[in-house]
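What follows is a single structure, written as structure tokens, with notes after it.
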Amino acid sequence: MSMSKKVVVIGGTGLIGSKAVKRLQDGGHEAVIASSRNGVNAYTGEGLVEALTGADAVIDVSNMMSFDTAVITDFFATSSRNLTTAGRAAGVRHHVVLSIVNADGLAANPYMAGKLAQEEAVAASGQAYSIVRATQFHEFIETLIDAYSADGTVTVPDIDFQPIAAADVASALVEVALGAPKNGTIDLAGPERAAFQSFARTYLDARGDPRPTRAETGIDYFGAPVVTGSLVPGGAFTKGRVTLADWLRT
Ligand SMILES: NC(=O)c1ccc[n+]([C@@H]2O[C@H](COP(=O)([O-])OP(=O)(O)OC[C@H]3O[C@@H](n4cnc5c(N)ncnc54)[C@H](OP(=O)(O)O)[C@@H]3O)[C@@H](O)[C@H]2O)c1
């Protein structure tokens, strides 16, 4: 009997999705690259039945950006309801969704509220599922530095940070998807935990950017108040392998 599985990657053309597709293919599995530009729209439902028929698992790494809580919450909740409903009808055995570590504690941030709504829709769906919550990607640090830059200085919250490479996230998602549903949540974080400021410094130094960095208490995370542990796992987690320094070298 073949151990090869068919896995639909919703958002299969994106940063994480394209890496997950490659991992699946390298492992001898069939990966369906689903995205709205490929005619599979998780939000409207277009093309879902066709894409999911015969699939063993779904990995949902779709994404959208909005600073409007109602818009982002509607996108993630509606998409997850559509995907799990179509998945159950098609006989899919496992729905895996990528969320963010501590999304529930950061819901004052509109995007995190959306991710929380996504998690809740999946958990309430009746479909067998795994929620994988990752920390911030190495690939996202530049966006964070831009957001915390003002007057030639990068001033970040005085909190811990534990970023992870997108490649490690994709590998973990594939491993989870090929395994049994957890019907619960798994945290995923990078190999190093340190002050947010030290990662910002490492990033800027590697880019030859001389801007000074500072850490301050009381600075929020896109609208969400944060404390030391807000962006890192509070308990057990799966550890990625690629450090920020390794990632910057490649
Ligand atoms: N950035 C971070 O540090 C971080 C940390 C933890 C978790 N995450 C999560 O990681 C996930 C993936 O992020 P990413 O950076 O890989 O995203 P990305 O590069 O922006 O890719 C998003 C993908 O979603 C697809 N998509 C958008 N709307 C869709 C729809 N209605 N139906 C089907 N596909 C749709 C896009 O393709 P089309 O445009 O063709 O539809 C694209 O393939 C997100 O859910 C995010 O919350 C991010």
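We're numbering straight along the sequence, starting at 1. Quantities reported herein were computed from a predicted structural model and do not represent experimental measurements. All ligand and atom numbering here is 1-based and tracks the order in the structure.
- Of the charged side-chain nitrogens involved, at least one lies within less than 4.0 Å of a carboxylate oxygen, so that Arg93 and Asp56 count as a salt-bridged pair.
- Remark: Lys6 NZ is packed, more than 12 non-hydrogen atoms of other residues, nucleotides or ligands lying under 6.0 Å away.
- Glu175 and Arg23 are not joined by a salt bridge, as no carboxylate oxygen comes within less than 4.0 angstrom of a charged side-chain nitrogen.
- Residues Phe199 and Phe222 share a single hydrophobic cluster, defined by chaining ILVMFWY side chains whose heavy atoms lie under 4.5 Å apart.
- Residue pairs meeting the ring pair (Phe, Tyr, Trp, His ring centres under 6.0 Å) criterion with at least one partner in residues 119-153, sequence neighbours excluded, are His138-Trp247, Tyr148-Phe196.
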Show the distances, to 0.1 Å, for all pairs joining an N/O atom of ligand 1 and a protein N/O atom that are shorter than 3.5 Å, listing one pair per line.
unit_1, atom_1, unit_2, atom_2, d
ligand 1, 3 (O), Phe137, N, 2.9
ligand 1, 16 (O), Leu15, N, 3.4
ligand 1, 16 (O), Ile16, N, 2.9
ligand 1, 19 (O), Leu15, N, 2.9
ligand 1, 24 (O), Asn63, N, 3.3
ligand 1, 31 (N), Asn41, OD1, 2.9
ligand 1, 32 (N), Ala42, N, 2.9
ligand 1, 37 (O), Thr13, OG1, 3.4
ligand 1, 39 (O), Arg37, NE, 3.3
ligand 1, 39 (O), Arg37, NH2, 2.7
ligand 1, 40 (O), Ser35, OG, 2.7
ligand 1, 40 (O), Arg37, N, 3.0
ligand 1, 40 (O), Arg37, NE, 3.1
ligand 1, 41 (O), Ser36, N, 2.8
ligand 1, 41 (O), Ser36, OG, 2.4
ligand 1, 43 (O), Gly11, O, 3.3
ligand 1, 43 (O), Thr13, N, 3.4
ligand 1, 43 (O), Thr13, OG1, 2.6
ligand 1, 43 (O), Gly14, N, 3.1
ligand 1, 45 (O), Ser62, O, 3.0
ligand 1, 45 (O), Lys115, NZ, 2.7
ligand 1, 47 (O), Tyr111, OH, 2.5
ligand 1, 47 (O), Lys115, NZ, 2.9

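- Electrostatic pairing of Asp209 and Arg207 does not count as a salt bridge here, judged by no charged N lying under 4.0 Å from a carboxylate O.
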